[in-house]
Amino acid sequence: LFEHMLGKRLNIRMQIDNMQAISAITKGYSKKLRYLARTQRVCIGLLNECLNDEELQYSVEHCPTLRMKGDLFTKALNAPKFLEALKMIRMHMKYEVSR
């Protein structure tokens with residue numbers, strides 16, 4: 001949709017905090033991560049094909065866990081980490097909760 005509206009190809013950067021997952025995507029398969037298709041609905045082979053298709057312009061890069069914005073939506077975080085995650089996606093609380 002954005003490519004059609006802007007009239008140009010967009011580069012897609014996959015930022016992943018797991019080096020094993022990056023290695024699996026680069027290779028196209030991982031014996032240890034073969035369960036992902038069943039449990040997470042993620043196909044490593046498809047991600048590898050997208051990464052190797054020059055027309056799509058995908059790239060994969062490591063993102064330190066402390067800067068991973070997606071953890072807010074995928075993990076249970078304790079209060080300090082939750083507040084930090086909210087700041088990363090620019091959702092600040094107006095009032096701090098006092099104890």
Shortest non-hydrogen contact between M88 and K69, atoms and distance:
O-CE, 3.5 Å
Please find the pair of heavy atoms, one from I44 and one from L33, that lie closest to each other, and give the distance.
CD1-CB, 3.8 Å
Grouping I, L, V, M, F, W and Y whenever their side-chain heavy atoms are under 4.5 Å apart, do I89 and M68 come out in a common cluster?
no
I'd like to check the salt bridge (Lys or Arg N to Asp or Glu O under 4.0 Å) partners of K27; sequence neighbours left out, ordered by chain and number.
none
Just do the side chain to side chain contact (heavy atoms under 4.5 Å, CB included) check on I16 and I25 with the steps written out, would you?
CA-CA 10 Å; I16 303 173; I25 292 169; 3.5 Å; yes
Given side chain to side chain contact (heavy atoms under 4.5 Å, CB included), test D71 with D17 step by step and report yes or no.
CA-CA 10 Å; D71 284 351; D17 64 348; 4.2 Å; yes
Under the 3.5 angstrom rule, does the side chain of S23 hit a backbone N or O of M19 as a donor-acceptor pair?
no
Compare all side-chain heavy atoms of I12 with those of Q57 and state whether any distance is below 4.5 angstrom.
no
How long is the straight-line distance from CG of L47 back to CG of N52, given to the nearest 0.5 Å?
11.0 Å
Please answer whether the main-chain N or O of R38 pairs with a side-chain N or O of R41 as donor and acceptor at a distance below 3.5 Å.
yes
Does L72 reach the side chain of F82, with side-chain heavy atoms less than 4.5 Å apart?
yes
Evaluate the side-chain proximity of E84 to K81: yes if any heavy-atom separation is below 4.5 Å, no if none is.
no
Between I22 and H62, the two heavy atoms sitting closest are CD1-CA, 3.7 Å
Taking salt bridge (Lys or Arg N to Asp or Glu O under 4.0 Å) as the test, write out the residues that go with R9, two or more places apart.
E3, E55
Could you state the interatomic distance from NZ (K75) to CG (N78), rounded to the nearest 0.5 Å?
12.0 Å
Joint hydrophobic cluster, M14 plus L10, side-chain heavy atoms closer than 4.5 Å:
no
N48 side chain reached by T26 side chain, heavy atoms, under 4.5 Å:
no
Residue list, salt bridge (Lys or Arg N to Asp or Glu O under 4.0 Å) with R34, at least two apart or on another chain:
none
Looking only at heavy atoms, the pair that brings L51 and Y58 closest together is CD1-O, 3.8 Å
Is there a side chain to side chain contact (heavy atoms under 4.5 Å, CB included) between R13 and E61? Walk through the geometry before answering.
CA-CA 7 Å; R13 292 177 16 210; E61 56 192 49; 3.3 Å; yes
